[in-house]
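Below, chain A is the first sequence line, B the second, and so on; all start at residue 1.
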Protein chains: 2
Amino acid sequence: MKKSNTYYITENDQPLDEYLSFGLSVDCIVFGYHKGEIRVLLVERDAAPFKGDWALIGDLVNPQSDLSDSANHVLERLTGLKDIFLEQFFTFGSIRRHPVGRVVTVGYYSLLKSKDYHPIASSWAKSTKWFSINELPELAFDHSEILKKGIETLKTKVRYHPVGFELLPSKFTLLELQDLYEALLGYTFDKPNFRKKILSMDLLIPLNEVQENVSHRPAKLFKFDEQRYTQLRKEGFSFEF
Amino acid sequence: MKKSNTYYITENDQPLDEYLSFGLSVDCIVFGYHKGEIRVLLVERDAAPFKGDWALIGDLVNPQSDLSDSANHVLERLTGLKDIFLEQFFTFGSIRRHPVGRVVTVGYYSLLKSKDYHPIASSWAKSTKWFSINELPELAFDHSEILKKGIETLKTKVRYHPVGFELLPSKFTLLELQDLYEALLGYTFDKPNFRKKILSMDLLIPLNEVQENVSHRPAKLFKFDEQRYTQLRKEGFSFEF
DNA sequence: ATCGATAGGTGCATTTTGAGCATAACTCAT
DNA sequence: ATGAGTTATGCTCAAAATGCACCTATCGAT
């Protein structure tokens, strides 16, 4: 990457290199839901600093990697979880938030059905564990603050954005979708009406596939119609629950 | 700031300093509203790169400054505007988004009544100008993309946060409010029903004042009840349009 | 005093939405 | 074939939002 010291530094006469001295990291909040409870996947640190403490799934970003790719790479490296949809929610940039230098961190979150995923600790992660968001330990760095902001964001955002769809497995049943929304919003829906409302939004593509290996009538599978959603948004449609 | 090379670099054996080589910048989108039109304040660059092009109000962050403070500093340095509330909305981190090196930028936006503020270009800004969001020039760097995302964010947010009131003068008529919402949301409302809905929210304080110097029946003036809004939010009220 | 223009408001018919309940259809295990 | 367990769908009734017609108020201009 070209570095030109002729670039206009506006505030004072410091050389450009003084300005290119930030560290960048990503921190992923992996939300899981299971039996009506929202949980968070944390990792136990096996390296200094904060060795032995619980932390979010995060690490420094390699200067050769795209920011948006890094979150997925870090998640896979530490837990083995692949192809998880991650959404950026906030960037934390206090001066002294990281002991090693000036490190700015970008927060991401994802949401998944925890029983379908089996994280395996690797790299500097000694172990992983799901914690109920009501019984959280003290976290390394400023991760408690980051997590708090992430939880807030998720709970407000879920009412107005179809995060629920985007974060489910690509093929899902309507009841799975309903369970997710009930877990997130904290109240239940009438099944026929939930179905009616969701389908009338015209955001789901019915697949010619059904559940397999279930000991009852298999449910039809659907997928989220991303294109249709962006289309409808342009026309002024607003998702609401 | 302490820099320790004993810090655990997880991916490979590169020294820590290789990871502390990012630049960080902020870019501010200043939205204004005037006569039924939503506008954005842009600055003309008087320095390389992109000299002569229009750009968002942004600059590199000094490694000794807090991220959240920097946005305000930059806004004041380039335009003279002080004490503007800025809200962070997204962080852009593509590898090649900045010609000078790996610079990650954090996007902020603010809302203000454009006729009440008088920006004055300084530092590397040659001039400032309000642009209608429907007639935007091509911008420097990836600022067009940033602005697009910011406009999207504003348009989404306006549905469930009373941000609109910040764009209006502190005393406004109901029709001015309606015009603003129509501009932001892109469709029209029925006048009687708009009034009914907004007044039933109980968020406006009617003033004992009316419009002046109009050649027709003067409209009553209202102001937004900030206290009442924070009160209602605590009770679980959610603003919706 | 009257008119044009725009603000402020009432009332009602119509449409849309949501809650609750009932029931049909389908699949597997026995 | 039957019944348990689910999925899938239909219906009613009430409440809320919408669309529209129409009436009145207050200003400046003539």
Side-chain angles (χ1 to χ4, degrees), chain A residues 35-36 113 115 158-160 162 164-165 168-169 171-223 232 235-241, chain B residues 35-36 158-160 168-169 171-183 185-224 232 236-241:
Chain A
K35 291 178 185 166
K113 300 178 68 168
K115 70 168 175 137
V158 84
R159 284 181 55 99
Y160 310 99
F165 301 82
L168 277 174
K171 301 171 183 181
F172 52 86
T173 73
L174 293 184
L175 203 57
E176 285 172 343
L177 184 64
Q178 181 173 352
D179 284 346
L180 168 61
Y181 270 89
E182 291 182 351
L184 284 171
L185 296 175
Y187 52 85
T188 61
F189 296 91
D190 178 75
K191 208 169 18 167
N193 291 330
F194 181 87
R195 188 190 167 73
K196 210 190 308 177
K197 178 165 183 172
I198 278 295
L199 290 178
S200 72
M201 287 181 187
D202 213 11
L203 286 174
L204 298 186
I205 301 173
L207 302 170
N208 288 328
E209 290 179 70
V210 293
Q211 277 181 318
E212 281 175 18
N213 299 320
V214 285
S215 68
H216 55 73
R217 174 177 177 179
K220 276 182 198 156
L221 292 171
F222 292 82
K223 71 174 187 186
L232 285 172
E235 296 167 10
F237 165 81
S238 103
F239 181 89
E240 248 171 56
F241 248 99
Chain B
K35 289 181 185 164
V158 83
R159 294 172 190 281
Y160 54 94
L168 288 171
K171 301 170 182 180
F172 52 86
T173 74
L174 293 185
L175 205 57
E176 284 171 343
L177 183 63
Q178 181 173 351
D179 284 347
L180 169 59
Y181 269 88
E182 290 181 350
L185 296 176
Y187 53 85
T188 61
F189 295 91
D190 177 75
K191 198 162 46 159
N193 290 331
F194 182 87
R195 306 172 91 83
K196 214 187 303 176
K197 179 165 183 172
I198 205 75
L199 290 176
S200 73
M201 287 180 187
D202 213 12
L203 287 173
L204 299 185
I205 301 172
L207 302 170
N208 287 327
E209 290 179 69
V210 293
Q211 275 182 319
E212 279 173 21
N213 300 321
V214 285
S215 69
H216 54 73
R217 174 178 176 179
K220 278 182 197 159
L221 293 170
F222 292 82
K223 72 174 187 185
F224 183 64
L232 285 173
F237 165 81
S238 94
F239 182 89
E240 248 171 57
F241 244 99

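Under the ring pair (Phe, Tyr, Trp, His ring centres under 6.0 Å) criterion, A:F172 pairs with no residue, sequence neighbours left out. Considering only residues two or more places apart in sequence or on other chains, B:Y160 meets the ring pair (Phe, Tyr, Trp, His ring centres under 6.0 Å) condition with A:Y160. Contacts of A:E182 classified as salt bridge (Lys or Arg N to Asp or Glu O under 4.0 Å), with partners at least two apart in sequence or in another chain: none. Scored by the side chain to side chain contact (heavy atoms under 4.5 Å, CB included) test, B:L175 finds B:T173, B:Q178, B:K191 as partners (sequence neighbours excluded). Take B:L207 and apply the side chain to side chain contact (heavy atoms under 4.5 Å, CB included) test, not counting sequence neighbours, and it matches B:K171, B:E209, B:L221, B:K223. Residues forming a ring pair (Phe, Tyr, Trp, His ring centres under 6.0 Å) with A:F189 (at least two apart in sequence, or on another chain): A:Y187, A:F194, A:F241. For A:D202, the side chain to side chain contact (heavy atoms under 4.5 Å, CB included) criterion is met by A:R228, not counting sequence neighbours. The salt bridge (Lys or Arg N to Asp or Glu O under 4.0 Å) test applied to B:R217 returns no partner, not counting sequence neighbours. Every residue meeting the side chain to side chain contact (heavy atoms under 4.5 Å, CB included) condition with A:K196, not counting sequence neighbours, appears here in chain and number order: A:N193.
Contact check on B:E240 versus A:R159 returns a salt bridge, with a Lys/Arg side-chain nitrogen under 4.0 Å from an Asp/Glu carboxylate oxygen.
Heavy atoms of A:L174 sit nowhere under 4.0 angstrom from any nucleic acid atom.
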- request: If a protein heavy atom is under 4.0 Å from the base, mark B; if only from the sugar-phosphate, S; if neither, -; do that for nucleotides 21-30 of chain C going 5' to 3'.
  value: BB--BBSS--

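In 5' to 3' order, the nucleotides of DNA chain D bounding all contacts with chain B (an atom under 4.0 Å from a heavy atom) are D:dT18 to D:dG28.
Straight-line distance from the NZ atom of B:K191 to the P atom of C:dG11: 18 Å, rounded to whole Å. Here the C1' atom of nucleotide C:dA7 and the CG atom of B:L177 are 15 Å apart, to the nearest Å.
Of all the residues in residues 195-210 of chain A, A:K196, A:K197 reach under 4.0 Å from DNA chain C with at least one non-hydrogen atom.
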